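Computed from a prediction, not measured in an experiment: that's the story for all the values here. The chains referred to below are lettered A, B, ... by the order of the sequence lines, with proteins before strands, and numbering in each begins at 1.
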Protein chains: 2
Amino acid sequence: MLNDSALTDPAPLFAALGDRTRLSLLAKLSDGESRSIAGLSSDTDITRQAVTKHLKVLEDAGLVISKKVGRESQFAFRPEPINDIRAYLDSVSRQWDDALGRLRAFVER
Amino acid sequence: MLNDSALTDPAPLFAALGDRTRLSLLAKLSDGESRSIAGLSSDTDITRQAVTKHLKVLEDAGLVISKKVGRESQFAFRPEPINDIRAYLDSVSRQWDDALGRLRAFVER
DNA sequence: ATGAAATGCAACCATAAAGTTGCATTTTAT
DNA sequence: ATAAAATGCAACTTTATGGTTGCATTTCAT
């Protein structure tokens, strides 16, 4: 089942990003090249199976997509959810900025 | 020990945001008003002690600050780490955009 | 046809995370 | 002085998470 990238609840998205291993997987893939599990596992110290699990978390969050090609499955970065997160952060910051603005307006009289 | 807001490893920051309860706590505080633990616990269905734990996670991540005033401890939103996250997301997206650009340049000849 | 490569899948382990209950402590209000 | 309010602190339970090992399956190359 593929993710809808709905911005209703950003928590799972943040959670998917809240792990160093997954961030470094994303970093590798963010150059736009797709890579196999073996390719992504080569320069880590954890097992290939562990990498597979992390990739599943990333895929469930919509941050990567995968397709089987031959005997290997290729993973690629999917940037859309990043915008959802940005939108969420913006909404929080905007609320904060508005509050600051009102406070300033209040103090300045 | 207070956080330095270093952007060396955004994973703990993402992890702190990867929980609905904590996101809703942040949402309440993002209006700039500071609130007590009791105030933040009033309209949740979890116990006050659980809220306290979440607040500690947020504080360790630098997303809130607290000070004791009288018998209660007041918590306030701290927006600085949000910018760290933005910076990280920007770096990932920029890398992605660059890759797309190179790909386009490559295709167009 | 067969061995190596890449992956899938299941069971298992250890630790962390999220939540609870119970009780002690500190402050405030009457 | 004392009861209520707000919090702190510790122990405990349950479940999720990150990782492993072992083995089966699929696909490729020779």
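Every residue two or more places apart in sequence or in another chain that forms a side-chain contact (heavy atoms from CB on, under 4.5 Å) with A/Arg86 is listed here: A/Ile82, A/Asn83, B/Leu89, B/Asp90, B/Ser93. Scanning for side-chain contact (heavy atoms from CB on, under 4.5 Å) contacts around B/Ala15 gives an empty result, with sequence neighbours left out. Here B/Asp97 pairs with nothing under the side-chain contact (heavy atoms from CB on, under 4.5 Å) rule; sequence neighbours left out. Not counting sequence neighbours, B/Lys53 has no partner by the side-chain hydrogen bond (donor to acceptor under 3.5 Å, both in side chains) test. Taking B/Phe75 as the reference, nothing meets the ring pair (Phe, Tyr, Trp, His ring centres under 6.0 Å) condition, with sequence neighbours excluded. A/Ala38 pairs by the side-chain contact (heavy atoms from CB on, under 4.5 Å) definition with A/Ser36, not counting sequence neighbours.
Sorted by first and then second residue, the pairs that involve residues 14-23 of chain A and meet salt bridge (Lys or Arg N to Asp or Glu O under 4.0 Å), not counting sequence neighbours, are A/Arg20-B/Asp9. Sorted by first and then second residue, the side chain to side chain donor-acceptor pair (under 3.5 Å) pairs involving residues 41-51 of chain B (not counting sequence neighbours) are B/Lys28-B/Asp43. The ring pair (Phe, Tyr, Trp, His ring centres under 6.0 Å) contacts involving residues 11-60 of chain B comprise B/Phe14-B/Tyr88, where partners must be two or more places apart or lie in separate chains.
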Protein-nucleotides 15-19 of chain D N/O pairs under 3.5 Å:
unit_1	atom_1	unit_2	atom_2	d
D/dG18	OP1	A/Asp19	OD2	3.4
D/dG18	OP1	A/Arg22	NH2	3.3
D/dG18	OP2	A/Arg22	NH1	3.1
D/dG19	OP2	A/His54	NE2	2.3
D/dG19	N7	A/Lys53	NZ	3.0
D/dG19	O6	A/Lys53	NZ	2.3

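As a whole-Å value, the separation of B/Glu72 CD from D/dA6 P is 7 Å. Atom pair A/Gln49:CD and D/dT21:P shows a separation of 9 Å (rounding to whole Å applied).
Here chain B contacts DNA chain C (any atom closer than 4.0 Å to a heavy atom, that is under 4.0 Å), and the contacts span C/dA18 to C/dT28 from 5' to 3'.
Looking only at side-chain heavy atoms (C-beta outward), A/Leu29 and A/Leu40 come within less than 4.5 Å of each other.
Sorted by residue number, the members of residues 32-41 of chain B with any non-hydrogen atom under 4.0 Å from DNA chain D read B/Ser36, B/Ile37, B/Ala38.
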